[in-house]
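Okay, structure first, notes after.
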Amino acid sequence: KEGSKLAVLGPLAFARDDLISDYGNGKWRRQNACWNGPPENASQSSDFCIPTVAAALATAHARSGGTTTSAPGCDVDSNSTAGQAAALALADAADEVILVLGFGHDQAREGKDPLDTTLPGRQGLFAEAVMALGKPTTVVLIGGGALAIDDQLNAKPGPGAVVQAF
């Protein structure tokens with residue numbers, strides 16, 4: 001709505017390649033991903049035509065007069081806390097938060113199964129820290145398989161909605 005502030009957070013909010021199916025033609029998934037781009041940019045090895053979740057939500061939110069901020073908050077699969085404080089500050093200043101979490105192709109893909117189905121790295125802890133701020137939060141899960149988010153669902157307050165995006 002007009003004047004609302006949205007924070008789009010999470011490492012997969014900025015993913016492009018991880019949004020492409022494993023089942024592309026040719027050399028893995030990027031083959032033909034952006035085949036219909038402008039001739040000067042068309043490439044079978046580029047993902048330029050795929051908007052990030054953060055960019056797509058910012059564009060949609062701007063149409064209704066809102067502002068959007070975004071930050072990864074953590075890496076997909078590491079124990080680094082770099083960037084978490086800045087992301088939490090964005091969440092605290094927002095009216096609503098969308099967390100984009102899950103597996104990238106480095107964690108799970110055809111022929112590579114994860115050792116467990118919990119969120120990799122610090123994503124789960126980051127999600128819990130964001131939800132502890134008490135802002136209305138939607139969790140978007142990216143990945144081609146099951147993700148166990150029991151701890152995040154049981155957090156108080158927990159997410160208002162969970163969307164599984166394959």
Side-chain angles (χ1 to χ4, degrees), residues 1-21 33-34 36-38 41 46-108 117-166:
K1 68 181 184 180
E2 181 87 26
S4 68
K5 298 177 200 166
L6 175 66
V8 181
L9 308 175
L12 288 166
F14 301 93
R16 292 178 191 273
D17 188 57
D18 289 321
L19 301 179
I20 302 172
S21 169
C34 296
N36 293 320
N41 293 329
S46 174
D47 58 11
F48 74 92
C49 66
I50 300 168
T52 66
V53 173
L57 289 172
T59 298
H61 194 230
R63 286 188 195 124
S64 65
T67 58
T68 303
T69 57
S70 57
C74 64
D75 296 327
V76 174
D77 192 11
S78 83
N79 288 318
S80 173
T81 59
Q84 182 169 321
L88 289 172
L90 294 178
D92 196 37
D95 298 315
E96 297 178 56
V97 177
I98 297 178
L99 280 170
V100 187
L101 309 168
F103 291 136
H105 289 298
D106 288 338
Q107 292 75 45
T117 58
T118 60
L119 291 166
R122 294 191 54 83
Q123 290 185 71
L125 294 172
F126 174 63
E128 291 167 34
V130 169
M131 290 185 289
L133 296 172
K135 303 291 179 155
T137 301
T138 298
V139 174
V140 176
L141 297 173
I142 304 287
L147 283 161
I149 58 167
D150 301 55
D151 290 342
Q152 293 74 42
L153 290 174
N154 293 321
K156 300 292 182 221
V162 177
V163 177
Q164 174 71 55
F166 288 97

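It should be emphasised that the depicted structure is a prediction, and the values quoted were computed from it without experimental measurement. Residue indices begin at 1 and follow the sequence shown.
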Does [X] reach the side chain of [Y], with side-chain heavy atoms less than 4.5 Å apart?
{"X": "Asp106", "Y": "Val76", "result": "no"}
{"X": "Pro159", "Y": "Leu153", "result": "yes"}
{"X": "Leu57", "Y": "Thr59", "result": "no"}
{"X": "Asp151", "Y": "Glu128", "result": "yes"}

Check for a donor-acceptor pair, side chain of [X] on one end and backbone N or O of [Y] on the other, with a separation under 3.5 Å.
{"X": "Ser64", "Y": "His61", "answer": "yes"}
{"X": "Arg122", "Y": "Cys74", "answer": "no"}
{"X": "Thr52", "Y": "Ala55", "answer": "yes"}
{"X": "Gln107", "Y": "Asp77", "answer": "no"}

Inset, instruction - Kindly indicate, with the supporting measurements, whether the criterion side chain to side chain contact (heavy atoms under 4.5 Å, CB included) is fulfilled by Ile149 and Val162. - result: CA-CA 10 Å; Ile149 58 167; Val162 177; 4.0 Å; yes
Legend entry - Heavy-atom closest pair, residues Ala54 and Phe14: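 Smallest heavy-atom distance, with atoms named: CB-CE2, 4.0 Å.
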Donor-acceptor pairs under 3.5 Å, side chain of residues 90-103 to any protein atom, not counting sequence neighbours: which ones?
residue : atom : partner : partner atom : Å
Asp95   : OD2  : Lys5    : N            : 2.7

Inset, instruction - List for me each residue that meets side-chain contact (heavy atoms from CB on, under 4.5 Å) alongside Ala82, sequence neighbours excluded, and say none if there are none. - result: Ser80
